[in-house]
Amino acid sequence: MGASQVYLLLVSASGLATLFSWIGIALSHYKFRKWFIGQGHSANELKFKAPFIHLDQCSQEHFA
């Protein structure tokens, strides 16, 4: 196995790790908002307004 193949393997593994990390962050964000609203709170109570959250709400309606 040459140096270029090892480099490609390491870069690919790093990219996959990054992808899985962001998927985990997105899932925890989604689950928290679902739990928060389920507890009777409003999304307007949250101090941080996530950009593009309307896409999440559209996907909930579409896939629910």
Side-chain angles (χ1 to χ4, degrees):
M1 182 179 281
S4 62
Q5 290 176 329
V6 171
Y7 175 76
L8 182 61
L9 182 66
L10 290 173
V11 169
S12 298
S14 172
L16 278 175
T18 302
L19 177 68
F20 288 139
S21 296
W22 279 108
I23 288 172
I25 291 168
L27 282 174
S28 61
H29 181 244
Y30 169 77
K31 291 178 88 174
F32 170 75
R33 288 182 63 87
K34 188 174 179 180
W35 171 83
F36 189 75
I37 292 171
Q39 294 294 314
H41 296 281
S42 169
N44 293 330
E45 295 177 51
L46 296 172
K47 291 182 182 182
F48 177 76
K49 305 296 185 214
F52 308 115
I53 195 61
H54 63 281
L55 296 176
D56 178 49
Q57 293 167 347
C58 291
S59 67
Q60 286 178 12
E61 294 170 5
H62 182 69
F63 293 114

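- V6 pairs with exactly one of L8, L10, L9 by the side-chain contact (heavy atoms from CB on, under 4.5 Å) rule, that one being L10.
- S28 places a side-chain N or O within donor-acceptor distance of the main-chain N or O of G24, the cut-off being under 3.5 Å.
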Side-chain donor/acceptor pairs under 3.5 Å, residues 35-42, sequence neighbours excluded:
residue : atom : partner : partner atom : Å
H41     : ND1  : E45     : OE1          : 3.1
S42     : OG   : N44     : N            : 3.1

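- In this structure, CZ on F20 lies 6.0 Å from CD1 on I23, to the nearest 0.5 angstrom.
- At a threshold of 4.5 Å between side-chain heavy atoms, the hydrophobic network of Ile, Leu, Val, Met, Phe, Trp and Tyr places W22 and Y30 in two separate groups.
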